[in-house]
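In what follows, a structure is listed as structure tokens, so that the remarks can point back to it.
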Amino acid sequence: MKFDLDTAWKDTTSLLTRNLGLLAVIAGVFFFIPYAGIAIALPGMGELETAQASGNVDAMMAAVTDLYKTYWWAFLIIAILQGIGLLSMLALVRRRANPTVGEALSTGLRSVPSYIAAQLLQTALIAIIAALLVGIGAVTGVSALAALGGIIAFVVICYVVVKLSLAAPIIAIEGELNPVKVLRRSWALTRGNSVRLFFFYLLLLVAFIVLSAVISLVLGLAFAFAGEQAALFGDAVVSGIVNAAMIIAMVCVMAAVHTQLSRFASHGTPGAED
């Protein structure tokens, strides 16, 4: 059976409607507060905002590098917190035992080491693919081959990301804690539906980017009239809200996709080979 985009969207909206209140609370604690807090509290964020506004790519990259070098520990803590929050939200919306918020948070805390390990394995795989495909073209010294290698690397990386996109729900919903088995399970579940999943994710991403850009523009202008400090504060708050909203939507999408593909697998009707 093939992945049905309409069914996935209906399941996503159903999960969102039923669980919005609890998801918003968890997203607020684990995503909005850390994201907005770090944007307001870290001194380097002002320089980064200035670099972004200038349009100077070199200055922006330098500001990002300096920020991560100086405050790597803060970003590490936030990454762990957000991993716990993501897994907790997934456990909350799809665990068959209907867990309480406390039980869902416990699942997130217990599962986050496996999630981090799976993410590191995925990142390593993507880095190896990029290095091989881009490097082969680069060593020839032919710019056309290097460009072609970059294009192929991008396509392959998109494919790998889609194939491994169900790692988090497999950990949080199925309870699998072995990171290698998690990635294998995700690869197997998405078999035969990678292209459909890619376009489903792409459509949602484009829609969210457009919507968040409009919201950020409108609210950003409102804060800008109150002065420079208010504008910086407003940007942090708006970015935090947009980030939390994106996570809530992403959780429901991943849970809906996982449910549909798991149903296919349980019936022994996976799609054809990709």
Side-chain angles (χ1 to χ4, degrees), residues 3 8 11-12 15-16 18-19 22-31 34-35 75-127 157-191 193-194 197-198 200-201 204-205 243-244 246-266 270:
F3 175 72
D11 289 345
T12 297
L15 287 172
L16 187 60
R18 294 202 312 264
N19 301 283
L22 291 176
L23 290 177
V25 171
I26 297 176
V29 172
F30 287 94
F31 292 92
Y35 193 92
F75 291 103
L76 177 61
I77 293 172
I78 287 178
I80 294 172
L81 287 174
Q82 293 186 340
I84 295 171
L86 175 65
L87 296 169
S88 300
M89 293 163 75
L90 282 165
L92 185 67
V93 299
R94 272 307 186 192
R95 280 278 185 173
R96 288 187 175 85
N98 296 320
T100 63
V101 173
E103 290 170 340
L105 292 175
S106 177
T107 297
L109 184 62
R110 184 177 63 254
S111 305
V112 74
S114 299
Y115 174 72
I116 293 173
Q119 291 297 105
L120 290 175
L121 288 174
Q122 180 176 334
T123 302
L125 177 61
I126 290 172
I157 288 170
C158 287
Y159 175 77
V160 171
V161 169
V162 170
K163 295 293 291 180
L164 303 181
S165 61
L166 298 182
I170 289 169
I171 293 171
I173 298 172
E174 297 184 13
E176 177 60 67
L177 298 181
N178 184 316
V180 175
K181 291 183 178 179
V182 166
L183 297 183
R184 286 178 178 172
R185 168 73 170 162
S186 180
W187 196 280
L189 281 180
T190 55
R191 182 180 298 121
N193 290 295
S194 301
L197 282 172
F198 171 77
F200 181 61
Y201 293 151
L204 294 177
L205 179 62
N243 182 56
M246 181 183 70
I247 293 300
I248 291 173
M250 186 176 76
V251 163
C252 293
V253 167
M254 288 193 298
V257 171
H258 174 265
T259 298
Q260 185 177 157
L261 296 184
S262 295
R263 189 184 308 124
F264 294 164
S266 65

- Task: Just do the side-chain contact (heavy atoms from CB on, under 4.5 Å) check on Tyr35 and Ile78 with the steps written out, would you?
- Result: CA-CA 8 Å; Tyr35 193 92; Ile78 287 178; over 6 Å; no
- Item | Heavy-atom side-chain proximity of Val160 to Lys163 below 4.5 angstrom | no
- State the OG-OH distance between Ser194 and Tyr201, to the nearest 0.5 angstrom. 9.5 Å
- Between the side chain of Ser186 and the main-chain N/O of Leu183, is any donor-acceptor distance below 3.5 Å? no
- Locate the shortest heavy-atom distance separating Asp11 from Ala256; write the atom from each residue and the value. CB-CB, 3.7 Å
- In this structure, CE of Met254 is separated from CG of Leu90 (nearest 0.5 Å) by 4.5 Å
- Less than 4.0 Å between a side-chain N and a carboxylate O, is that true for Arg185 and Glu176? no
- Could you check Ile247 against Phe30 for side-chain contact (heavy atoms from CB on, under 4.5 Å), going step by step and ending with a plain yes or no? CA-CA 10 Å; Ile247 293 300; Phe30 287 94; over 6 Å; no
- What heavy-atom pair brings Ser111 and Leu177 nearest, and what distance separates the two atoms? OG-CD2, 3.9 Å
- Side-chain donor/acceptor of Ser88 to backbone N/O of Ala104, under 3.5 Å: yes
- Query: Can you name the nearest heavy-atom pair linking Ala255 to Val93, along with the distance?
  - Reply: CB-CG2, 3.9 Å
- Message: Quick check against the 3.5 Å criterion: does Thr12 have a side-chain atom that pairs as donor or acceptor with the backbone of Ala8?
- Response: yes
- Note on the structure: Interatomic distance, CE@Met250 vs OG@Ser165, rounded to 0.5 Å, equals 10.5 Å
- Task: Using atom types as modelled and distance alone, determine if a side-chain donor or acceptor of Thr190 lies under 3.5 Å from a backbone N or O of Asn193.
- Result: no
- Task: Go through the steps for Leu125 and Leu164 under the test side-chain contact (heavy atoms from CB on, under 4.5 Å), then give the verdict.
- Result: CA-CA 11 Å; Leu125 177 61; Leu164 303 181; 4.3 Å; yes
- Message: Could you tell me if the side chain of Leu86 sits less than 4.5 Å from the side chain of Phe31, heavy atoms only?
- Response: yes
- To the nearest 0.5 Å, tell me how far Thr107 OG1 sits from Ile171 CD1. 12.0 Å
- Query: When rounded to the nearest 0.5 angstrom, what distance separates CG in Leu197 from CD in Gln260?
  - Reply: 8.5 Å
- Query: Counting only N and O atoms by type, is there a donor-acceptor contact under 3.5 Å from the side chain of Glu103 to the main-chain atoms of Thr100?
  - Reply: yes
- Trace of the side-chain contact (heavy atoms from CB on, under 4.5 Å) decision for Cys252 with Leu23: CA-CA 10 Å; Cys252 293; Leu23 290 177; 3.8 Å; yes
- Task: Taking all non-hydrogen atoms of both residues into account, name the closest pair between Ser114 and Pro179 and its distance.
- Result: O-CB, 4.0 Å
- Task: Compare all side-chain heavy atoms of His258 with those of Leu261 and state whether any distance is below 4.5 angstrom.
- Result: no
- Task: Report the distance from atom CG of Leu87 to atom CD1 of Ile173, rounding to the nearest 0.5 Å.
- Result: 10.0 Å
- Query: Do the non-hydrogen side-chain atoms of Leu92 and Val251 ever get within less than 4.5 Å of each other?
  - Reply: no
